[in-house]
There are 2 protein chains.
Amino acid sequence: MNAVHHHDHDQGAKLSRNQSQILSCLRKAGEPLSAYTILDRVRVSGISHPPTVYRALNELMQKGMVHRLQTRSAFIACGHGACDGKFAFAICRQCQKVVEIPLSDEDQTALLAFSPEEIDAEQVTLELAGVCQQCRPRAAV
Amino acid sequence: MNAVHHHDHDQGAKLSRNQSQILSCLRKAGEPLSAYTILDRVRVSGISHPPTVYRALNELMQKGMVHRLQTRSAFIACGHGACDGKFAFAICRQCQKVVEIPLSDEDQTALLAFSPEEIDAEQVTLELAGVCQQCRPRAAV
DNA sequence: CTCCTCTTGTTATGTTATATCATCGCCTAT
DNA sequence: ATAGGCGATGATATAACATAACAAGAGGAG
């Protein structure tokens, strides 16, 4: 085994040094970060080149521990640790807060059903944008 | 009126010279193009800088005549001309073919309903990836 | 003619992502 | 022990995508 051994909340996954660094950076952040923002924050740990960050992110995404927000070109730690679930995302336009929405098998089936016969869809990307409660202008209260 | 007058199939919208160039480029292509691919193709028409392309694309998107595919960083002409509809997209991973999926009000409502109370979602981005009939490996035929 | 405004041109730069090759450290088989 | 394999990492360079900021043209209104 070539991965670093440690006793974090990594739920059984074996992560390499860089993967751990970058995952914990994302977890600390608690919000989506761009790859280059991650790079800035892990520079102190000795990571200093974009490919290093993208490599780790891709591996973490494969493991289901990180998700990519397509509408933001940003990455966020999975709130469920390592899991093979599928998610949609709701994103606040103002504060960037992200809510992970687990998609049940039925949800996925329903979403894939939007596809015409012509294309046999397998993969869903669903992102919702709006304004969260904190950022919402209060009218009458 | 400051837009170019012409008798294309532009369905009543008044498009500027650059907007027309770029829209017809996208229509000819019939597939999603990156902004820089568009730039290459309209260079012959005298357009030679990225901002010119992005400006026209943004204006065309506002008019609903062009859509952006977030999962591809690409742009495609709306198959419905000028319209204020909302769409999902199904995309073939192999040949890049795109099918525009009109979303009814009910569809949109259903999709926005995925959002938790916490976030008041207004905007849907739904893209489905798969393989189209032509590209699909035939098993028994 | 002059001002205003819309459109376009141009330069420069910022941001996101990947291809490619070099190196390191560890394990294992001989 | 040491050579070779292999996964992880380091490093350089560049590709691909996008926008900020300012200059300049063309045409209409007054």
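Chain identifiers are assigned alphabetically (A, B, ...) following the order of the sequence lines, protein sequences preceding nucleic acid strands; residue numbering begins at 1 within each chain.
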> Looking just at side-chain N and O atoms, do A:Thr71 and A:Glu127 make a donor-acceptor pair shorter than 3.5 Å?
Replying inline: yes

> Could you state the CD-P distance from A:Gln21 to D:dA8, rounded to the nearest angstrom?
Replying inline: 16 Å

> If each of A:Gln19 and B:Asn58 is mapped to the nucleotide of DNA chain D with the nearest heavy atom, which maps nearer the 5' terminus, i.e. the 5' end?
Replying inline: A:Gln19

> Roughly how many Å is it from CG in B:Leu60 to P in C:dT8, rounded to a whole number?
Replying inline: 11 Å

>> Please confirm whether the shortest side-chain N or O distance from A:Arg68 to OP1 or OP2 of C:dA17 is below 4.0 Å.
In response: yes

>> Taking the nucleotide of DNA chain C with the nearest heavy atom to each, does B:Asn18 or B:Pro50 sit closer to the 5' end?
In response: B:Asn18

> Please walk me through it: do A:Gln19 and A:Arg55 pass side chain to side chain donor-acceptor pair (under 3.5 Å)?
Replying inline: CA-CA 9 Å; A:Gln19 288 164 28; A:Arg55 265 197 297 243; over 6 Å; no

>> Nearest whole Å is fine: how far is D:dA18 P from B:Leu39 CG?
In response: 13 Å

>> Test your reading of the model: is there a side-chain donor-acceptor pair from A:Ser24 to the backbone of A:Gln21, 3.5 Å cut-off?
In response: yes

> Checking side chain to side chain contact (heavy atoms under 4.5 Å, CB included) for the pair A:Gln96/A:Arg72: CA distance, chi angles, key distance, verdict?
Replying inline: CA-CA 9 Å; A:Gln96 312 301 316; A:Arg72 305 286 162 139; 2.8 Å; yes

> Between C:dC26 and A:Arg17, is there an OP1 or OP2 to side-chain N/O distance shorter than 4.0 Å?
Replying inline: no

> Does A:Ser34 have a side-chain nitrogen or oxygen under 4.0 Å from the phosphate oxygens OP1 or OP2 of C:dT16?
Replying inline: yes

>> Please tell me if A:Ser16 has a side-chain N or O lying less than 4.0 Å from either OP1 or OP2 of D:dT9.
In response: yes

> What distance separates B:Leu128 CG from B:Cys92 SG, expressed to the nearest 0.5 Å?
Replying inline: 13.0 Å

> Rounded to whole angstrom units, what separation is found between the CE atom of A:Met61 and the C1' atom of C:dT16?
Replying inline: 13 Å

> C:dT16 C1' sits how many Å from A:Arg72 CZ, rounded?
Replying inline: 16 Å

> Is A:Tyr36 stacked on the base of C:dT15, meaning ring centres closer than 5.5 Å and planes within 30 degrees of each other?
Replying inline: no

> Once you round it to whole Å, what is the distance between P of D:dA16 and OH of A:Tyr54?
Replying inline: 15 Å

> Quick one: B:Asp40 CG to D:dA16 C1', roughly how many Å, whole number?
Replying inline: 12 Å

> When the distance from CG of B:Leu57 to P of D:dC17 is rounded to whole Å, what number comes out?
Replying inline: 13 Å

> So does A:His49 get a side-chain nitrogen or oxygen closer than 4.0 Å to the phosphate oxygens (OP1/OP2) of D:dG10?
Replying inline: no

> Nearest nucleotide by nearest heavy atom, which residue falls closer to the 5' end of DNA chain D, B:Arg55 or B:Ala35?
Replying inline: B:Ala35

